[in-house]
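In what follows, a single structure is set out as structure tokens and then discussed.
By convention in this document, chain letters (A, B, ...) are assigned in the order of the sequence lines, proteins followed by strands, and residues within each chain are numbered from 1.
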Number of protein chains: 2
Amino acid sequence: MPRSRAPSEPRLEGRLRRLRTAGHRITAQRKAVLRALAGMGCACGAEDIHARARRIYPRLGLVTVYRTLGALVREGLAQTVQLDDGRIRYELRDDGRHHHHLVCLSCGAIARLETCAVGPLQQAGRRRGFTVTAHRLELFGYCGDCRSLEREAR
Amino acid sequence: MPRSRAPSEPRLEGRLRRLRTAGHRITAQRKAVLRALAGMGCACGAEDIHARARRIYPRLGLVTVYRTLGALVREGLAQTVQLDDGRIRYELRDDGRHHHHLVCLSCGAIARLETCAVGPLQQAGRRRGFTVTAHRLELFGYCGDCRSLEREAR
DNA sequence: TATGTAAATGAAAGTCATTTTCATTATCTC
DNA sequence: GAGATAATGAAAATGACTTTCATTTACATA
């Protein structure tokens, strides 16, 4: 009896199709990056994605990861998250649902937050002559685990 | 009859006092950086600030600008704005009033936005076990001037 | 007002994430 | 299957920012 297919595989197919439709070629490297990205728990840096994707395609170069991530972002399949340190994190857009991030300043965990309340700010921008096309909102703080640890340390 | 003093000068004095109180020494370079920063129309990068401060103190090094900006941020006299690509802009905290930014993707102009509506997000974070201590919100788009230019170009 | 000391400076060198170059390889169209 | 051209990877380049270290300077103290 075959093991059931991993739940992300059908999505992988769809993403590859979207890439191909956009004029990109499908390579083993790109599949590896996509699968690595799908397997990450939260938004991650290029190095981390490289490390994981190498388990699938060992000779994968970091440069290719950067290029693939760039293409994914350009085609709307992935998006970036900017943390305080200036490094860029990437995450797949599973569902295209708009969301923001909660970043733990202690352990670096990144949680999704589906709520968004920038409507009034966009209007305020419009009143100032701006056409707002995008926004970026990150909340920083401490997750439950880290707060507990801190309390124990005291 | 003497010309009236520039309006930012008394503030300069206060800022220097705050720096000194925090254990820093007052140097011609730091005065130049502070005055340059006060004269910038909006949040600017270290290079721009360096260029302007050099008009006051020509032998000023870029390294000193970075160091001074760092100290100003640490002492709460200035704050940073993160651009889309991770580059850092600096601005004085005139009044300490909390605000966000409108960043023009075409000319790089940064406008202030006094509105803030992250309260609901903080609550959503709390519901997820997070203690939110800070946030960062930037709106990206096109300012009136750049939109007009774009229209002309067509 | 002199002086010692630690902070500040600037030039050059170093980081480090990300990008570019370019020769080679591989995909996909015909 | 062949050819065009996109993709790859290694190495070098970039660019914003930081560190190092010898020299200068501010400012507390004598």
Atom-to-atom span, CG of A:Leu62 to P of D:dA12 - whole angstrom: 16 Å
Sugar-phosphate or base contact per nucleotide [nucleotides 23-30 of chain D; S, B, -; heavy atom under 4.0 Å]: --BBS---
Sugar-phosphate only, base, or nothing, as touched by A:Leu60 at under 4.0 Å among non-hydrogen atoms: sugar-phosphate
Sequence neighbours excluded, every pair satisfying side chain to side chain donor-acceptor pair (under 3.5 Å) that has a member inside residues 115-129 of chain A: none
Least distance between heavy atoms, B:Cys104 atom then B:Tyr142 atom: SG-CA, 4.0 Å
Touch class at under 4.0 angstrom, heavy-atom based, for B:Arg67 against every strand present: base
Five-pair end axes of the helix from C:dT1-D:dA30 to C:dC30-D:dG1 and the angle they enclose, rounded to 10°: 40°
Any donor-acceptor N/O pair, A:Arg147 side chain to B:Gly129 backbone, under 3.5 Å: yes
Common cluster, B:Phe140/B:Val118, ILVMFWY with side-chain heavy-atom separation under 4.5 Å: no
Cluster check B:Val81, B:Leu102: I/L/V/M/F/W/Y, side chain < 4.5 angstrom: no
Report, one line per pair, each donor and acceptor closer than 3.5 Å where one atom sits in a side chain of residues 60-80 of chain A; sequence neighbours left out.
{"from": "A:Thr68", "atom 1": "OG1", "to": "A:Thr64", "atom 2": "O", "distance (Å)": "2.8"}
{"from": "A:Glu75", "atom 1": "OE2", "to": "A:His24", "atom 2": "NE2", "distance (Å)": "2.9"}
{"from": "A:Gln79", "atom 1": "NE2", "to": "A:Glu91", "atom 2": "OE2", "distance (Å)": "3.1"}

Most 5' of A:Arg54 and B:Gly86 on DNA chain D, judged by nearest nucleotide: A:Arg54
Cationic N near anionic O, under 4.0 Å, B:Arg112 to B:Asp94: yes
Contact boundaries on DNA chain C for chain B, cut-off under 4.0 Å to non-hydrogen atoms: C:dA6 to C:dA12
Between NE2 on residue B:His99 and NE2 on residue B:His101, distance to nearest 0.5 Å: 3.5 Å
Rounded interatomic separation in angstrom, taking CG from B:Leu83 and P from D:dA16: 12 Å
Whole angstrom value for the distance that separates C1' of D:dG15 from CZ of A:Arg87: 17 Å
Residues forming a side chain to side chain contact (heavy atoms under 4.5 Å, CB included) with B:Arg35, sequence neighbours excluded: B:Glu9, B:Leu12, B:Ile56
Stepwise side chain to side chain contact (heavy atoms under 4.5 Å, CB included) check, B:Leu139 with A:Phe130: CA-CA 10 Å; B:Leu139 301 179; A:Phe130 256 80; over 6 Å; no
Whether B:His100 and B:His135 hold their rings parallel, tilted or perpendicular, with breakpoints at 30° and 60°: tilted
